[in-house]
K.L.:
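I am attaching a structure below and will ask some questions about it afterwards.
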Amino acid sequence: MFTFNVAKTGKVLVNSHRGDCIRCPENTMPAFISAVERNTSCIEIDIAMTLDEELVVIHDPSVNRTSNGCGYVEQMTLAELEALDFGSWFHSSFESTPIPKFNAVLEWAIEHDVGLIVEVKQRRNHHRFAEKFAELIEHTPNSSAYIQLLGFDHTVINLVKTRLPDIQLQAVTLARYQNQLNAVLESNASAVCVEYPYTTRSVLEDYKNSGLVTRLYLPNKDKNMKPTQWFNQYYGYDVHSDIIQWLREGLIDMISHDDIDMLKELVQEAGMEAI
C-alpha cells in the first residue's frame, strides 16, 4: 500500500511531472520507467477518455503536439490513437512509442510500488468519465491506495468520489482564498497542490495540522534558470531558502517538476530523504 503522507518521517516524495519528461517523451511508458530507474517513487500523469470510452494517458486535448497525428482525444477512438506515434516528436530513438492506456499504467504502478498523481483532463462527458474511472478502480485490486486524483476542476474529481468514497482527491489551489483551508476541505480533498505565489508557511501548517498531504509544484518559468532562482529574481528576495525551510520543517510531502535531479538536490539540501 502506497503512502503519500511522508513529510513527518523525514522523507519527501520526488514527484516526476509526466514521468522523466526531460529524457523521454512525456506521459509515455519510457518516461515512467525512466523515472523509477532514477529512484523516484511518485509520478504525475494526465488522463482523458476517448470517443469509445477508453481512458488514456495524455496531457493536451489534442494529439498534435505529442504525436505524428492531429485531432482531439475526446473525439477519437482508441484504435485511432493507437495508430499514432507518440515518441518520434521527442527523438527518433522513441519512434513508434504508443499512447499508454491508463489501466496498463495503473497495473504497472501497483506492481512497482509507484504512487500516481492522476490529473483529470476530461473536458466533456464528466459523468460518464467518472463512471468509467470508478469501474476501472473497482476492478483493479488495491488500486485506490496508489492514486491521488488531481483536478483544477474540483467538481469533476468529486463526481468520481461519489462513486468511490475511498479515493484520495488532490485539489489544486492557484489563488489565495479568504479561508484557504476551508476551500480545500470543502472540496473533500485528502491532499492539496500548491505553487509558491499562492501559499505561505502558515497556510502549509494549517494543511498539515488538518491531516492533508501537501504537494509543491514548481512551474517551468525559464529553461535557463532553476525555478527557485527565477522566483528569487522575480520577487527580489530569497524564495529558495523559504522552500528549503518548508521542506526541513516537514510541511511538504511531495515536490514536483520536470527535472528530477533538481528536485533531489532541493530535498537533500533540506536534509530530508528524497524518495
K.L.:
Is there a side-chain contact (heavy atoms from CB on, under 4.5 Å) between Arg215 and Glu44? Walk through the geometry before answering.
P.N.:
CA-CA 11 Å; Arg215 172 183 171 221; Glu44 191 257 18; 3.5 Å; yes
K.L.:
May I have the step-by-step check of side-chain contact (heavy atoms from CB on, under 4.5 Å) for Tyr207 and Leu251, ending in yes or no?
P.N.:
CA-CA 8 Å; Tyr207 289 153; Leu251 298 177; over 6 Å; no
K.L.:
Taking Thr173 for the side chain and Val194 for the main chain, is one N or O donor matched with an acceptor at less than 3.5 Å?
P.N.:
no
K.L.:
If you group Ile, Leu, Val, Met, Phe, Trp and Tyr whenever their side-chain heavy atoms sit less than 4.5 Å apart, what else falls in with Ile58?
P.N.:
Val56, Val63, Val73, Met76, Leu78, Leu81, Leu84, Phe86, Ile99
K.L.:
Would you say Leu212 and Leu185 make side-chain contact, with heavy atoms under 4.5 Å?
P.N.:
yes
K.L.:
To the nearest 0.5 Å, tell me how far Met254 CE sits from Ser16 OG.
P.N.:
11.5 Å
K.L.:
Quick check: is Tyr234 connected to Tyr237 through a chain of hydrophobic side chains (ILVMFWY, heavy atoms under 4.5 Å apart)?
P.N.:
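Yes, because Tyr237 and Tyr234 connect within a single hydrophobic cluster, where side-chain heavy atoms sit under 4.5 Å apart.
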K.L.:
Does atom NZ (Lys11) have a neighbourhood of more than 12 heavy atoms from anything else shown, all under 6.0 Å?
P.N.:
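Not buried by this count: 12 neighbours or fewer within 6.0 Å.
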K.L.:
For Arg18, is there an ion pair with Asp60 - N to carboxylate O distance below 4.0 angstrom?
P.N.:
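So Asp60 does not pair with Arg18 through a salt bridge.
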K.L.:
What I'd like to find out is whether the side chain of Ile167 reaches to under 4.5 Å of the side chain of Ile157, using heavy atoms alone.
P.N.:
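No, too far: nothing below the 4.5 Å cut-off.
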K.L.:
Please round to the nearest 0.5 Å and tell me the distance separating atom CG of Leu216 and atom OG1 of Thr199.
P.N.:
8.0 Å
K.L.:
Keeping the roles fixed (side chain from Asn68, backbone from Asp85), state whether a donor-acceptor pair exists under 3.5 Å.
P.N.:
yes
K.L.:
Rounded at 0.5 Å granularity, tell me how far CG in Asp20 sits from CZ in Arg38.
P.N.:
4.5 Å
K.L.:
Within the supplied structure, the quantity of interest is the number of heavy atoms (other residues, nucleotides, ligands) at a distance under 6.0 Å from Arg124 CZ; does it exceed 12?
P.N.:
no
K.L.:
Give a yes or no on whether the backbone of Ala175 and the side-chain of Gln180 come within a donor-acceptor separation of less than 3.5 Å.
P.N.:
yes
K.L.:
Between the side chain of Thr97 and the main-chain N/O of Phe94, is any donor-acceptor distance below 3.5 Å?
P.N.:
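Yes, Thr97 side chain to Phe94 backbone: donor-acceptor pair under 3.5 Å.
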K.L.:
To the nearest 0.5 Å, how far apart are CD1 in Ile110 and CG in Asn142?
P.N.:
6.5 Å
K.L.:
Looking at every non-hydrogen atom in both residues, tell me the closest pair between Glu249 and Gln245 and how far apart they are.
P.N.:
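Reported closest heavy-atom pair: OE2-NE2, 2.7 Å.
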K.L.:
What about Val120 and Tyr217, same hydrophobic cluster or not, with Ile/Leu/Val/Met/Phe/Trp/Tyr joined at side-chain heavy-atom distances under 4.5 Å?
P.N.:
no
K.L.:
Main chain of Met49, side chain of Gln122: is a donor-acceptor contact present, judged purely on distance under 3.5 Å?
P.N.:
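It does hold such a pair.
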K.L.:
Under 4.5 Å side-chain heavy-atom separation, chaining through any Ile, Leu, Val, Met, Phe, Trp or Tyr, what else clusters with Leu159? Say none if it is isolated.
P.N.:
none
K.L.:
Decide yes or no on side-chain contact (heavy atoms from CB on, under 4.5 Å) for Val36 and Trp108, but give the supporting numbers first.
P.N.:
CA-CA 11 Å; Val36 171; Trp108 170 85; 3.5 Å; yes
K.L.:
Is Glu119 close to Phe152 at the side-chain level, that is, under 4.5 Å between some pair of heavy atoms?
P.N.:
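In contact.
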K.L.:
Checking Asp259 against His17 for the side chain to side chain donor-acceptor pair (under 3.5 Å) test, could you report, in this order, the C-alpha distance in whole Å, the side-chain angles of both residues, the deciding distance, and whether it holds?
P.N.:
CA-CA 8 Å; Asp259 188 338; His17 186 232; over 6 Å; no
K.L.:
Verify, without hydrogens or angle tests, whether Asn5 (side chain) and Val213 (backbone) share a donor-acceptor contact under 3.5 angstrom.
P.N.:
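Looks like no, no N/O pair under 3.5 Å.
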K.L.:
Check the pair Asn232 / Lys226 against side chain to side chain donor-acceptor pair (under 3.5 Å), numbers first and verdict last.
P.N.:
CA-CA 10 Å; Asn232 286 353; Lys226 294 180 179 180; over 6 Å; no
K.L.:
Just do the side chain to side chain donor-acceptor pair (under 3.5 Å) check on Asn188 and Asn158 with the steps written out, would you?
P.N.:
CA-CA 7 Å; Asn188 299 310; Asn158 270 281; 2.7 Å; yes
K.L.:
Please determine whether the number of non-hydrogen atoms from other residues, nucleotides or ligands lying under 6.0 Å from atom OH of Tyr72 exceeds 12.
P.N.:
no
K.L.:
Strictly distance-based, threshold 3.5 Å: is any side-chain N or O of Thr214 a donor or acceptor partner for the main-chain N or O of Asp253?
P.N.:
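Confirmed, Thr214 side chain pairs with Asp253 backbone.
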K.L.:
Quick check against the 3.5 Å criterion: does Ser187 have a side-chain atom that pairs as donor or acceptor with the backbone of Ala189?
P.N.:
no
K.L.:
For Tyr196 and Asp242: C-alpha separation, side-chain torsions, deciding distance, then whether side-chain contact (heavy atoms from CB on, under 4.5 Å) applies.
P.N.:
CA-CA 9 Å; Tyr196 182 84; Asp242 279 353; 2.7 Å; yes
K.L.:
Determine yes or no for a side-chain-to-main-chain donor-acceptor pair under 3.5 angstrom, with His126 supplying the side chain and Arg123 the backbone.
P.N.:
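Such a contact is found between His126 side chain and Arg123 backbone.
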K.L.:
Side chains of Leu164 and Ser144, heavy atoms from C-beta outward: is any pair under 4.5 Å?
P.N.:
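The answer is no, as the side chains (C-beta and beyond) never meet within the 4.5 Å cut-off.
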K.L.:
Does Trp230 share a hydrophobic cluster with Ile22, counting links as ILVMFWY side-chain heavy atoms below 4.5 Å and allowing steps through other members?
P.N.:
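Unlinked, Trp230 and Ile22 end up in two clusters.
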K.L.:
Using side chain to side chain contact (heavy atoms under 4.5 Å, CB included) as the criterion, point out the one residue from Leu116, Ile117, Ile45 that pairs with Leu150.
P.N.:
Ile117
K.L.:
State the CD1-NZ distance between Ile47 and Lys121, to the nearest 0.5 angstrom.
P.N.:
11.0 Å
K.L.:
Please find the pair of heavy atoms, one from Met1 and one from Ala145, that lie closest to each other, and give the distance.
P.N.:
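Here Met1 and Ala145 meet closest at CE-CB, 3.3 Å.
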K.L.:
Could you tell me how the ring of Tyr146 sits relative to the ring of Phe2: parallel (under 30°), tilted (30 to 60°) or perpendicular (over 60°)?
P.N.:
tilted
K.L.:
Once you round to the nearest 0.5 Å, how far does CD of Gln233 lie from CG of Asp222?
P.N.:
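One gets 8.0 Å once the value is rounded to the nearest 0.5 Å.
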K.L.:
Using a 6.0 Å cut-off, check whether atom CZ of Arg248 has over 12 heavy atoms from anything other than its own residue.
P.N.:
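Atom CZ in Arg248 is packed in, count exceeds 12.
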K.L.:
Name all residues meeting the side chain to side chain donor-acceptor pair (under 3.5 Å) criterion together with Glu107; count only those two or more places apart in sequence or in a different chain, and write none if there are none.
P.N.:
none
K.L.:
Which heavy atom of Asn15 sits nearest a heavy atom of Leu263, and at what distance?
P.N.:
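Closest heavy-atom pair between Asn15 and Leu263: O-CD1, 3.8 Å.
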K.L.:
Do Val6 and Ile252 belong to the same hydrophobic cluster, where Ile, Leu, Val, Met, Phe, Trp and Tyr are linked whenever their side-chain heavy atoms lie under 4.5 Å apart, directly or via other members?
P.N.:
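As far as the 4.5 Å side-chain criterion goes, Ile252 and Val6 are not connected within one cluster.
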K.L.:
Same cluster or not: Ile260 versus Ile43, using hydrophobic residues (I, L, V, M, F, W, Y) connected whenever any side-chain heavy atoms lie under 4.5 Å apart?
P.N.:
no
K.L.:
With a 3.5 Å distance limit and no angle check, can you tell me whether His154 reaches the backbone of Val172 through a side-chain donor-acceptor pair?
P.N.:
yes
